[in-house]
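Here is the structure we will look at.
A note on names: the letters A, B, ... follow the listed sequences, proteins ahead of strands, and every chain is numbered from 1. Keep in mind the model is a prediction, meaning the values are calculated, not measured.
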Amino acid sequence: MTAVTTRRSTGLLPTAVLLAGAIYCLFPVSWVLIAATKSPGELFTTPTMAFGTGFLSNVSDLLAYRDGVFWLWLVNTFVYAGGGSLLATVVAAVSGYALAKYRFPGRALIFNLLIGGILVPAVVLAIPQYLLFSKVGMADTYWAVLLPQILSPYSIYLARVYATAAIPDSLLEAGRIDGAGEWTLMSRVALPLMVPGMVTIFLFQFVAIWNNFLLPFIMLGDDGKFPLTVGLYTLLAAGANQPALYNLILTGALLSIIPLIALFLTMQRYWRTDLSSGAVK
Amino acid sequence: MRATRLGAALAAALAATLTLSGCGGGEPAGTPEAARTQSQAPQGPVKLTYWTWAPNMDKVVEVWNKAHPDIQVTVSKQAGGDDAAAKFLTAAKAGNPPDLVQAEYQHLPSFVAAEAVADLKAETETVKGEFGEGVWGLVTLGTDGVYAVPQDSGPMMLFYRQDLFDEYGIEVPKTWDEYAEAARAVRKKDPKVYLGTFSSKDPGAFTGLAQQAGAQWWSISGEAWKVDIADAPTVKVADYWDGLVKEGAIDDTPYFTPEWNKALADGKLLTWPSAIWAPGTLESNAPKAEGKWAIAPMPQWNAGENHTGFWGGSSVAVAAKSPNRAAAARFATWLNTDPEAVGALVKEAAIYPAATKAQTALTEAPGYFANQPDFWQQAAQASAGARGFTFGPNVGVTYNAFRDGFDKALQDGSPFSGAVRAMHEATVADMRKSGFSLAS
């Protein structure tokens with residue numbers, strides 16, 4: 001972007017591929033945006049890409065649905081995604097730092113186990129986790145959704161890679177010579193250097209938990225604890241003898257991606273510092 | 001009963017994680033510990049949880065909670081359909097099921113086989129007479145036990161666009177032969193319009209059609225299951241629709257898809273053999289066609305008969321592990337037989353009640369069918385001629401095999417009857433694997 005002076009020849013092909021990719025990604029979003037503006041009568045009768053007239057009534061219908069249960073689901077989603085990703089980031093940062101900068105027996109073993117953990121999709125674990133949580137009587141609680149998401153092998157792997165690259169050993173050595181304890185070293189020296197990496201991990205986890213469906217679907221029985229994904233699904237699968245509330249679902253889907261977009265826009269600048277700090281090194 | 005991959009995934013995951021105890025169908029599910037009543041001299045009100053997906057159920061339950069301060073019921077609204085059954089089975093296996101659960105008739109046998117629901121024979125003795133024999137058979141599975149209280153029922157009827165029938169000059173078909181002829185006539189009049197469609201995604205609808213023809217997919221003889229999904233009536237139904245789809249007389253757009261909704265809304269689809277709950281679906285998907293649809297009895301295989309099948313319908317079961325079984329059973333019977341409760345169910349949850357008295361009490365046609373004042377009389381007539389069959393313990397497998405088989409048949413043009421045989425084989429293989437004893 002700042003490379004105006006170096007004028008490389010921009011190939012047409014890469015541009016076209018990127019453009020196609022962008023359209024591929026944005027088209028469904030724009031479809032949701034447009035479909036959410038349609039009243040139930042317009043949804044299946046008007047052209048796909050024509051805006052409807054029912055957006056405001058859809059929103060007020062959605063917010064009024066079952067005495068505003070949508071708000072409750074939204075708050076729940078924030079608790080799961082916000083709390084879960086914060087805790088996951090802290091765990092990942094500390095363990096990534098430890099794995100990257102300390103030599104201790106079993107380090108390789110732990111790391112290999114984590115790598116193995118990346119290969120196991122979370123979906124496979126949902127039912128065993130449910131059975132375990134049921135055993136200890138914690139199924140159908142907020143913790144049942146939060147706890148399994150706090151340990152994310154992929155995030156720890158990322159944190160380790162990032163810590164290895166971003167924290168020079170000499171810096172830690174200097175700190176030790178100056179008499180800093182290990183705790184001070186981590187909290188004052190290491191973690192500040194890892195902030196861009198932590199932001200990335202936070203975002204990854206936040207989006208993953210925000211979109212997670214199967215774990216809360218299995219864990220939670222009380223619809224007052226549902227996150228948006230499961231809540232909106234109850235609108236979709238309303239039983240064979242009930243019409244699916246398509247207009248509410250579409251509006252709900254649209255509203256539920258707004259916080260994600262906002263989060264990305266506000267967090268973007270941390271990524272920029274990340275890229276630039278990499279550039280000058 | 002919308003097609004969901006999730007249901008299949010959950011069921012598969014369940015099968016992998018849990019080993020269902022392979023018991024014959026005849027065994028009652030009530031285990032000794034469940035039978036023990038723990039509610040002697042309860043401290044404070046008994047608290048019950050109730051998993052359901054019927055809309056506005058909380059409003060109906062409020063009536064109960066006000067009248068019964070000692071038994072407080074909390075409604076937890078779930079996603080419906082096959083996923084709900086898988087979720088309940090998982091919860092029951094893990095030991096923390098809700099006290100009460102909405103159980104679709106086709107899933108109840110799997111709950112019984114997994115010993116997840118309690119036998120309510122003693123508690124329901126007094127209300128047995130409130131229900132017709134057909135629907136009662138769906139909760140007893142033809143055994144001595146009673147595993148749930150029937151809530152709603154879905155006898156099938158033919159929904160058709162009256163205005164367009166007049167426009168194209170078509171008579172309402174009384175037999176399936178007439179239906180086929182009408183389908184061809186419509187194609188000639190307007191090649192953009194179809195009389196109907198065959199959905200490869202809705203096993204429930206096909207099951208209803210097979211029931212109408214007299215199919216008996218499962219039955220219990222002694223301690224063993226008898227499975228006969230590819231029986232003569234089912235193959236007849238499959239061949240019939242196969243012929244119509246292949247010659248292009250009817251469409252093959254699955255139900256409940258956006259394309260199908262659009263066809264309904266645009267008047268490109270003239271009939272829908274569906275169940276009594278169809279008005280709700282039609283109203284939300286084709287609001288502009290209000291007053292244009294009408295109902296008629298299902299076309300018959302032999303002129304002069306009055307048979308139909310069921311599509312959907314559910315019951316309320318009590319979990320075998322519920323510590324408050326007696327209270328839960330009391331609530332379940334109240335909900336589905338008390339006139340006030342059933343009235344509220346009809347009004348708030350828009351169900352077609354299973355209780356016979358409540359069916360005849362319905363007078364005012366649904367708003368969408370204001371043009372058909374005899375809507376409920378027609379429904380009662382259909383209900384009287386409806387015949388179901390005992391569902392097996394692994395309907396989920398059968399239904400998935402239906403989707404796979406018929407999808408494939410539509411794609412490569414192989415005969416529908418082959419798909420029916422594949423359903424049979426998949427079902428039998430799964431029951432063998434789960435350890436059910438099969439009579440051959």
Side-chain angles (χ1 to χ4, degrees), chain A residues 31 35 39-48 65-67 69 73 123-141 144 213-214 217-226 229-248 250, chain B residues 1-2 4 6 9-10 13-14 16-18 49 51 53-56 58 74-81 83-84 87 90-91 93-98 102 104 152 154 202 204 256 258 261-262 264-266 275-278 280-288 311-314 350-352:
Chain A
W31 181 82
S39 69
E42 293 166 337
L43 191 53
F44 299 114
T45 48
T46 54
T48 312
Y65 176 75
R66 294 180 57 212
D67 304 325
V69 74
W73 292 338
V123 174
V124 176
L125 298 175
I127 288 181
Q129 278 168 346
Y130 174 69
L131 296 176
L132 287 174
F133 273 88
S134 299
K135 272 244 164 68
V136 294
M138 275 170 72
D140 200 10
T141 62
F213 173 78
L214 194 69
F217 177 74
I218 292 175
M219 284 289 182
L220 301 174
D222 176 6
D223 58 343
K225 298 194 188 81
F226 282 178
T229 44
V230 181
L232 288 176
Y233 183 64
T234 65
L235 266 66
L236 183 65
N241 56 346
Q242 295 301 325
L245 304 160
Y246 287 116
N247 60 324
L248 299 191
L250 287 165
Chain B
M1 261 164 292
R2 282 169 194 133
T4 43
L6 179 71
L10 264 183
L14 250 179
T17 319
L18 319 169
T49 49
W51 282 6
W53 56 89
N56 298 320
D58 33 356
T74 311
V75 170
S76 188
K77 192 170 172 358
Q78 303 292 317
D83 308 334
K87 183 169 170 175
T90 317
K93 197 72 195 174
N96 45 11
Q102 178 173 0
E104 285 179 292
D152 63 328
D202 291 277
F256 308 115
N261 287 330
K262 191 162 163 45
L264 278 186
D266 294 347
I276 184 105
W277 38 258
T281 309
L282 291 174
E283 188 175 0
S284 78
N285 294 343
K288 283 192 196 121
W311 182 8
S314 53
I351 62 149
Y352 183 64

Exercise for review: Sort out for me which of B:Pro98, B:Gly154, B:Ala91, B:Ala275 touches chain A most, counting heavy-atom pairs under 4.5 Å.
Suggested key: B:Ala91

Review point. Picking from B:Asn56, B:Asn261, B:Leu264, B:Asp266, which has the most non-hydrogen pairs under 4.5 angstrom with chain A?
Key: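 Option with the top pair count is B:Asn261.
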
Practice item. Please look at A:Leu220 and chain B and tell me whether the side chain, the backbone, both or neither of the residue comes under 4.5 angstrom of a heavy atom of that chain. Key: backbone

Exercise for review: Using non-hydrogen atoms and a 4.5 Å limit, figure out which bit of A:Phe133 sits close to chain B: side chain, backbone, both or neither.
Suggested key: neither

Point to revise | Straight-line distance of B:Thr90 OG1 to A:Leu131 CG, nearest 0.5 Å | key: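 Taking OG1 in B:Thr90 and CG in A:Leu131, the distance rounds to 7.5 Å.
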
Just by distance, do the side chain of [X] and the backbone of [Y] share a donor-acceptor pair under 3.5 Å?
| X | Y | answer |
| --- | --- | --- |
| B:Gln78 | A:Gly221 | yes |
| B:Asp152 | B:Ser314 | yes |
| B:Trp277 | B:Trp311 | yes |

Exercise for review: Using side-chain contact (heavy atoms from CB on, under 4.5 Å) as the criterion, point out the one residue from A:Ile218, A:Leu132, A:Leu214 that pairs with A:Ile127.
Suggested key: A:Ile218

Review point. Side chain, backbone, both or neither: which part of B:Lys77 has a heavy atom under 4.5 Å from chain A?
Key: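 Both parts, heavy atoms under 4.5 Å.
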
